[in-house]
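Bear in mind that the values here come from a model prediction, so they are computed numbers and not experimental data.
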Amino acid sequence: MKVEVVFRTAGQADAVVGEAEGETFAEMQAELPALLRALATEIEGRDHVGEVPDAAAHG
């Protein structure tokens, strides 16, 4: 079993910011917090100049 966290933005190539493999769902579930932290770090590191603040509400 494999889980990937993908950062996807309009007009940009997808970026895999985390992935984990395991034999059971419980193993994958244990890895999820670290994968989501990697996604948060990726988002925090982005240059947000020129973005529409409420764009997510329209998606």
Side-chain angles (χ1 to χ4, degrees):
M1 181 181 296
K2 182 176 182 178
V3 172
E4 289 183 339
V5 174
V6 179
F7 184 71
R8 179 175 291 159
T9 56
Q12 301 293 320
D14 291 354
V16 176
V17 295
E19 61 182 59
E21 292 189 36
E23 295 295 320
T24 66
F25 180 74
E27 289 175 354
M28 303 294 14
Q29 196 172 19
E31 294 293 327
L32 194 54
L35 296 175
L36 294 176
R37 278 192 293 277
L39 176 60
T41 299
E42 183 72 23
I43 291 169
E44 291 169 348
R46 293 284 171 151
D47 179 9
H48 300 288
V49 174
E51 290 185 7
V52 178
D54 63 345
H58 300 292

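Atoms CD and CE, on E21 and M28 in that order, are 7.5 Å from each other to the nearest 0.5 Å.
Residues D14 and F7 are not in side-chain contact: their nearest non-hydrogen atoms beyond the backbone lie 4.5 Å or more apart. Side-chain contact between L35 and V3 is present, with heavy atoms from C-beta onward closer than 4.5 Å.
Clustering ILVMFWY residues whenever any of their side-chain heavy atoms sit less than 4.5 angstrom apart, transitively, puts L32 in a cluster other than the one holding M1.
Here the side chain of E27 pairs a donor or acceptor atom with the backbone of E23 at under 3.5 angstrom.
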